[in-house]
There are 2 protein chains.
Amino acid sequence: MDGIRILIVDDQPLVRRGLRSVFEGLPGIVTVGESPDGLDAVRDVRRLRPDVVLMDVNMPRMDGLEATRRICAPEENSGTRVIILTMYDRDEHVFEALRTGASGFLLKDSPTSTLEQAVREVAAGEALLSPSVTRRLIGEFARRPSLSTPGAELSHLTDRELDVFRLLVCGHSNQEIARMLVLGESTVKSHVQHLYQKLGVRDRVQVVIYAYENGLIDRRLLPA
Amino acid sequence: MDGIRILIVDDQPLVRRGLRSVFEGLPGIVTVGESPDGLDAVRDVRRLRPDVVLMDVNMPRMDGLEATRRICAPEENSGTRVIILTMYDRDEHVFEALRTGASGFLLKDSPTSTLEQAVREVAAGEALLSPSVTRRLIGEFARRPSLSTPGAELSHLTDRELDVFRLLVCGHSNQEIARMLVLGESTVKSHVQHLYQKLGVRDRVQVVIYAYENGLIDRRLLPA
DNA sequence: GGTGTTCTCCCCCGCCCGGGGGAGAACATG
DNA sequence: CATGTTCTCCCCCGGGCGGGGGAGAACACC
């Protein structure tokens, strides 16, 4: 435990120099390298194994988002965490950035104390966003239905449950589904109940929302 | 502009006293009141018009989540923003709490500097979460793919019908919508019936399908 | 044989929802 | 003033749905 090892990624040398100077005097944090673009960053992460990467977004050759995706890919198994630095919080790419696997999202004009805190929190496995980004994220999150069951894709559904699922997300009632599959309505209700449990939702409306939000609506899979 | 006015809500007098002392010496922040439970808090917000409320979760008579929902209801039009304080970040109610309309979510063991920063950020219209909560939120958010398409064809809907529509397509029940819009359930049912007629559908499931298929699921439809 | 899963269907209950009607108040428009 | 629209809320009713349980048959696996 000889401190938090950070890698600085930015295409502007002056920005890299500035960031390096921010962390120079701080105890327990050591800058182990700098990369001028995303492609180099991915390579340098493999080589240097830093704990935290400070990642710019706009860069030549490969941008920071793609680089972050690669660094955070499970295959990479690097343990490295990424803080994305940007100049714009109104950017429509904020949400995309949050899906890359990054642990932090800060504005470049954040005070140095925030940068320091972010590095320490992220190294400890936590996460930190700029307040304005937090506000946008909460706003976005609040309008989503509560589908708080992690990772439950359709893989755990049995064949029959999948049959019912397909018809349900088309807007059919239990009665209609029973008729189409030539089943008793009780049987359909039984399968539907299991769907709720496995998908972690409350009612058929939320099943439909779940399906759309997870890109599971594939018209090729659905009967006429 | 004589400073940020805050209201402290907690059922434990010692906690209230502690919070009050935290903000006592800080410039530009003044504690204008204390409330021992949610019901009183809602009343005190109407009376005192604070800028920021520090809200405990577990309280008698009315808990902090319901109180926050009411304070943040659009009809209330208070401009007051709420920071929720809790002892548990592993609580499964974290996500629910984020849907109440709160602007912040902090652990009670946060350092006083964080509490101060949170009050100032939230008063400025931003938002702030504890790092561990941020991590959970990002994790939850990252699992969701997102569609964004410009919409149309909602022009026949009245303002109020559109309000109901927005909440309906998020998977909320009539009862929930009534609570959120501070209406009678009968009124919501009435609007919902009109939605069915105008959109030419049979039930709420088909409203959701209609919305997705026509690219009407767009965050611009929802309050910022 | 025992265990487990899946598929089928049944009972119960309570509530939410769909569907019909009406009605008063506010407001704009003519 | 009359008309129309919107928003609010009420009544009624029946049926669909959510949620709990149980149970038998077929099949696979060990």
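To find a chain, count down the sequence lines: A is the first, B the second, and so on, and within it residues start at 1.
Looking at the side chain of A:R204, the nearest of the listed nucleotides C:dG19, D:dC7, D:dC17 is D:dC17. Side-chain proximity of A:T187 to C:dG18, C:dC9, D:dC7: nearest is C:dC9. Of the candidates D:dT8, C:dC10, C:dC7, C:dC10 carries the atom nearest the A:S186 side chain, counting heavy atoms from C-beta on.
With hydrogens and angles disregarded, a donor-acceptor distance shorter than 3.5 Å links the side chain of B:D51 to the backbone of B:R5. Remark: the backbone N or O of B:L115 is not paired with any side-chain donor or acceptor of B:S110 at under 3.5 angstrom. Side-chain N or O atoms of A:E66 include none that pairs as donor or acceptor with a backbone N or O of A:M62 at under 3.5 Å.
Only A:L183, A:G184, listed by number, bring a heavy atom of residues 171-184 of chain A to less than 4.0 angstrom from any atom of DNA chain C.
Look at B:R202 and you won't find any side-chain N or O under 4.0 angstrom from OP1 or OP2 of C:dG18. For A:H191, a side-chain nitrogen or oxygen approaches OP1 or OP2 of C:dT8 to under 4.0 Å. Residue A:T158 places at least one side-chain N or O closer than 4.0 Å to OP1 or OP2 of C:dC7. OP1 or OP2 of D:dG19 has not a single side-chain nitrogen or oxygen of A:Y196 nearer than 4.0 Å.
Regarding A:Q193, its CD atom lies at a distance of 17 Å from the P atom of C:dC12, rounded to whole Å. Atom CG in A:D159 sits roughly 16 Å away from atom P in C:dT5 (whole-Å rounding). Between the P atom of D:dG19 and the CG atom of A:L195 lies a distance of 13 Å, rounded to the nearest Å. As rounded to whole Å, 15 Å separates atom C1' of C:dC7 from atom CG of A:L162. Atom-to-atom, CD of A:E161 to C1' of C:dT5 comes out at 11 Å; the value is rounded to the nearest Å. Atoms CZ (B:R160) and P (C:dC27) sit 15 Å apart, rounded to a whole Å. Straight-line distance from the CG atom of A:D203 to the P atom of C:dC16: 12 Å, rounded to whole Å. Atoms NZ (A:K189) and C1' (D:dG19) sit 9 Å apart, rounded to a whole Å.
A distance of 10.5 Å separates CD in B:E185 from CD in B:E176, rounded to the nearest 0.5 Å. Between B:L7 atom CG and B:E34 atom CD the span is 8.5 Å, to the nearest 0.5 Å. We find the CD1-CG distance between B:I6 and B:L48 to be 12.0 Å, quoted to the nearest 0.5 Å. Note: B:R120 CZ to B:L128 CG = 13.0 Å, rounded to the nearest 0.5 Å.
Looking at heavy atoms from C-beta onward, A:T158 lies in side-chain contact with A:K198 at the 4.5 angstrom threshold.
Minimum heavy-atom separation, A:E161 to A:L195: O-CD2, 4.0 Å.
Annotation: the terminal axes of the helix from C:dG1-D:dC30 to C:dG30-D:dC1 meet at 40°, where each axis is the rotation carrying the C1' atoms of four end pairs onto the next four (5 pairs per end, rounded to 10°).
Looking at which nucleotide of DNA chain D each of A:E185 and A:S190 is closest to, the 5′-most match is held by A:E185.
Look at A:D203 and B:R204 and you find no salt bridge, because none of the NZ, NE, NH1 or NH2 atoms lies under 4.0 Å from a carboxylate O.
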